[in-house]
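Some notes on the structure that comes next.
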Amino acid sequence: MTTESPSAAGAAAIPAAPTAKRRDSLLWLLNARLAIGLSLVSIFIVGSIVLPFFAPADPSLQATYLKNMPMSWEHLLGTNAIGQDIFWFLVFAIRNSLILGVLVGVGVTIISTAVGLSAGYIGGNYERVVMLVVDSFITIPLLPILIILGAVIRGNSSFLTVGAIIVVFGWAWGARTIRSMALSLREREFINMARFSGANTFNILTREIFPYVSAYMVVGFINTILFAVNTEATLAVIGLSKVEVPTLGSIIFWALNYNALFTGNYPWLVAPIVASILLFLGLFLTSTGFNAAFANKRGVA
């Protein structure tokens with residue numbers, strides 16, 4: 001009978017440990033809701049990035065094709081009453097709406113994180129002044145302001161202008177939430193150890209507190225994308241955004257304006273509505289999937 005030496009057994013076990021550890025470290029992210037949401041969002045992102053390179057013409061130009069042509073291999077969703085290819089207009093609309101959502105999400109996340117972390121950790125008079133500003137922005141209703149500004153500069157407000165306004169008035173809720181998280185963390189033992197060891201405020205915020213709020217930031221970032229896309233679409237549908245630029249709201253605006261349902265051009269209205277529902281569903285499932293994954297990790301830990 002042969003006996004394996006302890007050194008050989010130990011050497012054989014060493015390579016497997018890092019692999020198993022890396023595999024187990026990703027298991028907490030796996031759940032059906034997150035998988036479905038990421039799949040839907042990935043389809044929209046990849047399609048909106050790749051497909052525009054194959055567009056035969058600028059989809060925003062009118063009278064490019066014959067009007068109200070039926071669906072075919074040449075025009076997958078047909079053409080509309082102003083001579084545009086519905087499929088390519090929808091592709092560019094999804095791309096522009098996602099660009100708007102990501103830009104707004106990045107802006108809101110950066111501002112809310114910086115303000116919330118600093119106010120929660122520094123405290124004192126700085127926190128009182130910052131929270132006065134935050135509470136003031138929270139009390140300002142965003143949608144009426146967008147409607148008023150859209151009515152004043154009707155036809156000249158680009159979707160990027162709408163995005164900038166959302167960033168200016170939309171960061172306060174996230175800042176308040178992150179500030180409350182920083183308040184609960186600043187008295188923890190590891191924060192006191194970092195402070196007594198000579199770490200400055202910036203290092204404590206970025207290295208000690210930031211990792212604990214990063215999970216909320218991911219969820220908040222996705223929710224902000226959803227909110228920005230939905231807000232711009234709402235304004236465009238009622239004609240208060242620059243409807244010449246392809247967005248999910250502008251394509252619905254033109255379809256309603258030209259009575260697509262009454263003229264029998266159903267893809268013109270149905271396609272963007274279905275795309276919007278699937279995009280919103282993908283973002284919602286991704287957000288709640290990440291939230292469930294992070295909550296499960298905290299519970300296990």
Side-chain angles (χ1 to χ4, degrees), residues 37-38 41 44-45 48 94-122 126-127 129-150 157-183 185 202 205-206 209-236 240-242 245 247-249 276 279-291 294:
L38 284 177
V41 174
F44 279 102
I45 293 176
S48 62
I94 295 173
R95 185 195 66 175
N96 291 336
S97 293
L98 285 174
I99 290 174
L100 171 69
V102 170
L103 291 177
V104 171
V106 170
V108 168
T109 301
I110 292 175
I111 296 174
S112 61
T113 302
V115 173
L117 284 181
S118 60
Y121 176 74
I122 297 174
Y126 174 77
E127 180 188 10
V129 173
V130 169
M131 293 314 298
L132 177 62
V133 176
V134 170
D135 292 337
S136 300
F137 273 90
I138 288 177
T139 59
I140 299 174
L142 176 60
L143 188 58
I145 290 178
L146 288 172
I147 292 176
I148 293 173
L149 291 176
S157 57
S158 67
F159 75 109
L160 291 179
T161 303
V162 174
I165 297 173
I166 296 175
V167 171
V168 171
F169 293 99
W171 59 270
W173 281 109
R176 171 170 277 279
T177 304
I178 293 177
R179 172 251 185 185
S180 64
M181 298 172 69
L183 280 175
L185 289 170
F202 180 78
L205 290 177
T206 55
I209 299 180
F210 177 79
Y212 285 87
V213 303
S214 58
Y216 171 80
M217 288 174 52
V218 173
V219 176
F221 173 75
I222 298 172
N223 288 335
T224 303
I225 294 176
L226 181 61
F227 175 73
V229 173
N230 187 43
T231 302
E232 193 282 329
T234 301
L235 293 174
L240 297 181
S241 182
K242 196 174 183 64
V245 177
T247 63
L248 288 173
S276 300
L279 177 59
F280 294 164
L281 179 63
L283 290 171
F284 172 76
L285 291 177
T286 302
S287 173
T288 54
F290 269 120
N291 195 31
F294 290 131

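Few gaps surround CZ on Phe44; more than 12 heavy atoms of other groups in view lie less than 6.0 Å from it. Shown here is Tyr212, whose OH atom has no more than 12 heavy atoms of other residues, nucleotides or ligands within 6.0 Å.
Rounding to the nearest 0.5 Å places CG of Leu117 at 8.0 Å from CE of Met217. Remark: Met181 CE to Ile209 CD1 distance equals 10.5 Å, nearest 0.5 Å. Note that CD1 of Ile178 and CZ of Phe210 are 9.0 Å apart. Values are rounded to the nearest 0.5 Å. Leu279 CG to Leu226 CG: the interatomic distance, rounded to the nearest 0.5 Å, is 8.0 Å. For the atom pair Leu103 CG and Thr224 OG1, the distance stands at 12.5 Å (nearest 0.5 Å).
Between the side chain of Ser180 and the backbone N or O of Thr177 there is at least one donor-acceptor pair closer than 3.5 Å. Without hydrogens or angle criteria, Thr113 side chain to Ile110 main chain gives no donor-acceptor distance under 3.5 Å. The backbone N or O of Val219 lies less than 3.5 Å from a partner atom in the side chain of Asn223, making a donor-acceptor pair. A donor-acceptor pair under 3.5 Å links the side-chain atoms of Thr286 to the main chain of Gly37, judged by distance alone. Side-chain atoms of Thr234 come within 3.5 Å of backbone N or O of Asn230 as a donor-acceptor pair. Counting only distance, with no hydrogens or angles, the side chain of Thr231 and the backbone of Ala228 share no donor-acceptor pair below 3.5 Å.
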Show your reasoning for whether side chain to side chain contact (heavy atoms under 4.5 Å, CB included) applies to Arg176 and Asp135. CA-CA 8 Å; Arg176 171 170 277 279; Asp135 292 337; 2.4 Å; yes
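Inter-residue side-chain proximity for Ile225 and Val104 is flagged as unmet; no heavy-atom pair is nearer than 4.5 Å. Side-chain atoms of Val41 and Leu98, non-hydrogen and from C-beta on, never get closer than 4.5 Å to each other. With contacts defined as side-chain heavy-atom distances shorter than 4.5 Å, the pair Ile122/Val130 does not qualify. A heavy-atom distance below 4.5 Å is not found between the side chains of Thr247 and Leu100. Under the 4.5 Å side-chain criterion, counting only non-hydrogen atoms from C-beta, Ile138 is in contact with Val134. Counting heavy atoms from C-beta on, the side chains of Leu183 and Glu127 come closer than 4.5 Å.
Nearest heavy-atom pair across Ala182 and Tyr121 is CB-N, 4.1 Å. The shortest non-hydrogen separation linking Gly101 to Val229 is CA-CG2, 4.2 Å. Shortest non-hydrogen contact noted between Ala236 and Gly249 is CB-C, 3.4 Å. Taking every heavy atom of both residues into account, Gly174 and Ser112 meet most closely at C-CB, 3.7 Å. Residue Ile222 comes nearest to Ser287 through the heavy atom pair CG2-CB, 3.8 Å, listed as atom of the first residue, atom of the second, then distance. Nearest heavy-atom pair, Gly107 versus Val167, reported as atom, atom and distance to 0.1 Å: C-CG1, 4.1 Å.
Considering Phe227, Phe221, Phe137 as possible partners of Trp171, the one that fulfils the ring-ring contact (aromatic ring centres under 6.0 Å, His included) test is Phe137.
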